Q: 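Structure incoming, see below.
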Amino acid sequence: MKTLLVTGGAGFIGSNFIRYMLDKYTDYRILNLDVLTYAGNLENLKGIEEGKNYRFIKANISDRNAVEKIFEEENIDYVVNFAAESHVDRSIEDPEIFIKTNVMGTQVLLDVVKKNWMLGKDETGYPIYREGVKYIQVSTDEVYGALGKEGMFKETTPLAPNSPYSASKASADMLVRAYNETFKLPMNVTRCSNNYGPYQFPEKLIPLMIANCLNDKQLPVYGDGMQIRDWLHVKDHCAAIDTVLHKGISGQVYNVGGNNEKANIEIVKLIISTLGKSEDLIKYVKDRLGHDRRYAIDNTKITTELGWKPSYTFEQGMKETIEWYLNNKDWWENIISGEYKKYYKKMYEEK
Ligand code: NAD
Ligand code: TYD
């Protein structure tokens, strides 16, 4: 039996990852530490019961005492850090919380795991850790900056983040690297492309466009809509993290991509046609400041060295995703209306 601490498990990818891991490893205990920001939604975990295999802890990763307490209470083997402020547009409006959570929060986690997993020191002063422990930092391809028409990001591509969000994620990556170099902390960093799938907060491109389309609202396309992202189905991402957690070589970075480069406008038009709406809903709006033109991931390392590969085609993944949003209207309507915050109040704040 292994105990896995997932941070940010009430968000989009974290909640999908908890479901994936509980299904696959029935003997694992999963702890979900999440402070429930606007993006954290316990409805994402509906149906998962607290008990032997699962526990929710409302806490901030930047709160050292709270994180220490969990390590005192539980015998944690693995940490997968999803907790972050994750939206580029918000980072342009208000960068400070991105530094507090994404950079300083990561540093708190690193310090606490180092202290709790350390058994002693070798004769040269390097820490010696308990067997079988590992820290995974879930990062992003955005740390590499932007590409022109050609090329792909490799793990060796120099970091050149352009937004406050990507700068904060790159800073966290550097801290994780430093804790491995200086303290030999067992770790991996994963850098994935844009995720899509169930439970994605409707501020991100795909769920926002689906929700607006269904409500016959305008579809705001930034600039000329020709920016390119590589799209990765969230379930493929979960499988990649599972692979890296169990098979990744400590100290290594792994890129995770879906081999699906698409221009934003193509995606918007696909959603419109699937839902039988009119392209008149498209509204070209002012471009995002510092908008990265193109991302593309070279995932040769994880596919050849660890044997992971994406299983979804974009067509199949989008078909299922659109169906999910059609079948789970209450979920996203509760978010848009603010109802979901009342749900927490009832569930946790009154406890
Ligand atoms: P999300 O915004 O949906 O969820 C983030 C979760 O973290 C929320 O539940 C939130 O409550 C929690 N959180 C935020 N600050 C916290 C804090 N201080 N302490 C504890 N919990 C906190 O994000 P997501 O899309 O699921 O992304 C998860 C991770 O994956 C992030 O680290 C993000 O940078 C990375 N990532 C996401 C994508 C993507 O396409 N969504 C792509 C690449 C990398
Ligand atoms: P987003 O989902 O915010 O992810 P990221 O910025 O991390 O890639 O945006 C994906 C792409 O879609 C990005 O190029 C910005 C663009 N976009 C729009 O054109 N309109 C929108 O309303 C949003 C949210 C994004």
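These numbers were taken from a predicted model, which means no experiment stands behind them. Remember, it's 1-based here, ligands and their atoms both numbered in the order they're listed.
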Q: What atoms of ligand 1 come within less than 4.0 Å of a heavy atom belonging to Ala59?
A: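 The atoms of ligand 1 under 4.0 Å from a heavy atom of Ala59 are 19 (N), 20 (C).
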
Q: Which ligand 2 atoms, with their elements, are less than 4.0 angstrom from a heavy-atom of Leu208?
A: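 In order of number, 22 (O).
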
Q: Counting heavy atoms not belonging to Tyr126, are there more than 12 under 6.0 Å from its OH?
A: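 Check fails, neighbour count at 12 or below.
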
Q: Please list the nearest protein heavy atom to atom 4 (O) of ligand 1 with its residue and the distance rounded to 0.1 Å.
A: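 Result: Gly11 CA, 3.4 Å.
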
Q: Will you find, in the side chains of Tyr165 and Glu85, an N or O donor that is under 3.5 Å from an N or O acceptor?
A: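 Side chains of Tyr165 and Glu85: no pair found under 3.5 Å.
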
Q: Looking only at distance, does Lys204 have an N or O less than 3.5 Å from an N or O of ligand 2?
A: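 Looking only at distances, the answer is no, because the N/O contact criterion of under 3.5 Å is not met.
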
Q: Please list the nearest protein heavy atom to atom 4 (O) of ligand 2 with its residue and the distance rounded to 0.1 Å.
A: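 Looking only at protein heavy atoms, the one closest to atom 4 (O) of ligand 2 is Asn194 ND2, 3.4 Å.
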
Q: Using only heavy-atom distances, determine whether the side chains of Tyr25 and Asn53 contain a donor-acceptor pair under 3.5 Å.
A: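 No pair is found: no donor N or O on one side chain lies under 3.5 Å from an acceptor on the other.
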
Q: Number the atoms of ligand 1 from 1 as they appear, then name those within less than 4.0 Å of a heavy atom of Asn194, with their elements.
A: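 Listed by number with element: 40 (O).
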
Q: Which one of Glu142, Arg229, Lys169 has a non-hydrogen atom at the shortest distance from atom 32 (O) of ligand 1?
A: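 Looking at heavy atoms only, the winner is Lys169.
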
Q: Where is the nearest protein heavy atom to atom 42 (C) of ligand 1: which residue, which atom, and how far?
A: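 Protein heavy atom at minimum distance: Ser193 O, 3.5 Å.
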
Q: Can you tell me which residue and heavy atom of the protein come closest to atom 12 (O) of ligand 2, and the distance to 0.1 Å?
A: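 Going atom by atom, the protein heavy atom closest to atom 12 (O) of ligand 2 ends up being Asn264 ND2, 3.3 Å.
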
Q: Give the atoms of ligand 2, by number and element, whose distance to some non-hydrogen atom of Pro220 is under 4.0 Å.
A: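 So the atoms of ligand 2 that pass are 18 (C), 19 (O), 20 (N), 21 (C), 22 (O).
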
Q: Below 3.5 angstrom, do we get any N/O pair linking Tyr295 and ligand 2?
A: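 For ligand 2, there is no N or O atom that lies under 3.5 Å from one belonging to Tyr295.
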
Q: Could you tell me the residue and atom name of the protein heavy atom closest to atom 19 (O) of ligand 2, and the distance to it rounded to 0.1 Å?
A: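 Protein heavy atom with the smallest distance to atom 19 (O) of ligand 2: Tyr222 N, 2.9 Å.
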
Q: Would you say Thr7 touches ligand 1, if touching means a heavy atom closer than 4.0 Å?
A: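 Per 4.0 Å heavy-atom rule, Thr7 does not contact ligand 1.
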
Q: Do Glu72 and Asn116 have side chains that approach each other closer than 4.5 Å (heavy atoms only, starting at C-beta)?
A: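 Of all side-chain heavy-atom pairs linking Asn116 with Glu72, none is under 4.5 Å.
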
Q: Which of these, Val256, Thr37, Val35, Asp141, has its nearest heavy atom closest to atom 10 (C) of ligand 1?
A: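 Among Val256, Thr37, Val35, Asp141, the closest heavy atom to atom 10 (C) of ligand 1 belongs to Thr37.
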
Q: Quick one: is the NZ or CZ of Arg229 closer than 6.0 Å to the six-membered ring centre of Tyr196, and within 45° of its axis?
A: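 So Arg229 doesn't make the cation-pi contact.
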
Q: Looking at atom 24 (C) of ligand 2, what's its closest protein heavy atom, distance included?
A: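 Checking every protein heavy atom, the shortest distance to atom 24 (C) of ligand 2 gives Glu203 O, 3.2 Å.
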
Q: Which ligand 1 atoms, with their elements, are less than 4.0 angstrom from a heavy-atom of Ser139?
A: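 Counting from 1, the qualifying ligand atoms are 43 (C), 44 (C).
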
Q: Among all protein heavy atoms in this structure, tell me which lies nearest to atom 13 (C) of ligand 2, with the distance rounded to 0.1 Å.
A: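 Protein heavy atom with the smallest distance to atom 13 (C) of ligand 2: His291 NE2, 3.5 Å.
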
Q: So which protein heavy atom does atom 7 (O) of ligand 2 come closest to, and at what separation?
A: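 Checking every protein heavy atom, the shortest distance to atom 7 (O) of ligand 2 gives Glu142 OE2, 2.5 Å.
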
Q: Among all the protein's non-hydrogen atoms, which is closest to atom 19 (N) of ligand 1, and how far away is it?
A: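 Checked against all protein heavy atoms, atom 19 (N) of ligand 1 sits closest to Ile61 N, 3.0 Å.
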
Q: Would you mind listing which atoms of ligand 1 come within a distance below 4.0 Å of any non-hydrogen atom of Val138?
A: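 Near Val138, the atoms of ligand 1 are 30 (O), 32 (O).
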
Q: Just to confirm my output: which protein heavy-atom neighbour is closest to atom 40 (O) of ligand 1, and how far is it?
A: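 That would be Asn195 N, 2.9 Å.
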
Q: Which ligand 1 atoms does Ala10 reach within 4.0 Å, using its non-hydrogen atoms?
A: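 Ligand 1 atoms under the 4.0 Å threshold to Ala10: 9 (O).
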
Q: Looking at ligand 1, does any of its N/O atoms fall within less than 3.5 Å of an N/O of Asn60?
A: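 In this structure, Asn60 places an N or O atom under 3.5 Å from an N or O of ligand 1.
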
Q: Should the proximity of Val285 to ligand 2, defined as any heavy atom under 4.0 Å, be assigned to the side chain, the backbone, both, or neither?
A: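 No part of Val285 is near ligand 2 at this cut-off.
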
Q: Nearest to atom 6 (C) of ligand 1 by heavy atom, Ala39, Gly14, Gly8: which?
A: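 Answer by nearest heavy atom: Gly8.
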
Q: Nearest protein heavy atom to atom 36 (N) of ligand 1, by residue and atom, and its distance?
A: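 Sorting protein heavy atoms by distance from atom 36 (N) of ligand 1 puts Tyr165 OH, 3.9 Å first.
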
Q: Going by the order shown, which atoms of ligand 1 are within less than 4.0 Å of some heavy atom of Ala83?
A: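 What qualifies from ligand 1 is 7 (O), 20 (C), 21 (N), 22 (C).
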
Q: Just which atoms of ligand 1 are under 4.0 Å from any heavy atom in Leu36?
A: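 Per the distance check, 11 (O).
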
Q: Taking heavy atoms and a distance under 4.0 Å, where does Thr101 meet ligand 1: side chain, backbone, both or neither?
A: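 Near ligand 1, Thr101 shows its side chain, while the N, CA, C and O stay back.
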
Q: For atom 27 (O) of ligand 1, what's the nearest protein heavy-atom neighbour? Residue, atom name and distance, please.
A: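 The protein heavy atom lying closest is Ile13 CD1, 3.7 Å.
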
Q: Considering non-hydrogen atoms of the protein only, which is the closest contact for atom 11 (O) of ligand 1, and what is the distance?
A: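 Protein heavy atom at minimum distance: Asp34 OD1, 2.6 Å.
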
Q: So which bit of Lys100 gets within less than 4.0 Å of ligand 1, heavy atoms only: side chain, backbone, both or neither?
A: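 It is neither; nothing of Lys100 touches ligand 1.
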
Q: Any atom of ligand 1 sitting under 4.0 Å from a heavy atom of Phe82?
A: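 Yes.
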
Q: Tell me the nearest of Ser86, Ser15, Gly9 to atom 1 (P) of ligand 1, using heavy-atom distances.
A: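 Comparing heavy atoms across Ser86, Ser15, Gly9, the nearest one to atom 1 (P) of ligand 1 lies in Ser86.
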
Q: Should the proximity of Phe12 to ligand 1, defined as any heavy atom under 4.0 Å, be assigned to the side chain, the backbone, both, or neither?
A: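 For Phe12, backbone and side-chain atoms both sit under 4.0 Å from ligand 1.
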
Q: Can you find an N/O atom of Leu205 closer than 3.5 Å to an N/O atom of ligand 2?
A: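 Yes; the residue has a nitrogen or oxygen that sits under 3.5 Å from a nitrogen or oxygen of the ligand.
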
Q: Would you say the ring centers of His237 and Tyr20 fall short of 6.0 Å from each other?
A: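 They do not qualify: ring centres at least 6.0 Å apart.
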
Q: Out of Ala84, Cys192, Ala66, Gly197, whose heavy atom is nearest to atom 43 (C) of ligand 1?
A: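 The nearest heavy atom belongs to Cys192.
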
Q: Which residue owns the protein heavy atom closest to atom 3 (O) of ligand 2, what's the atom, and how far is it?
A: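 Result for atom 3 (O) of ligand 2: Arg288 NH2, 3.1 Å.
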
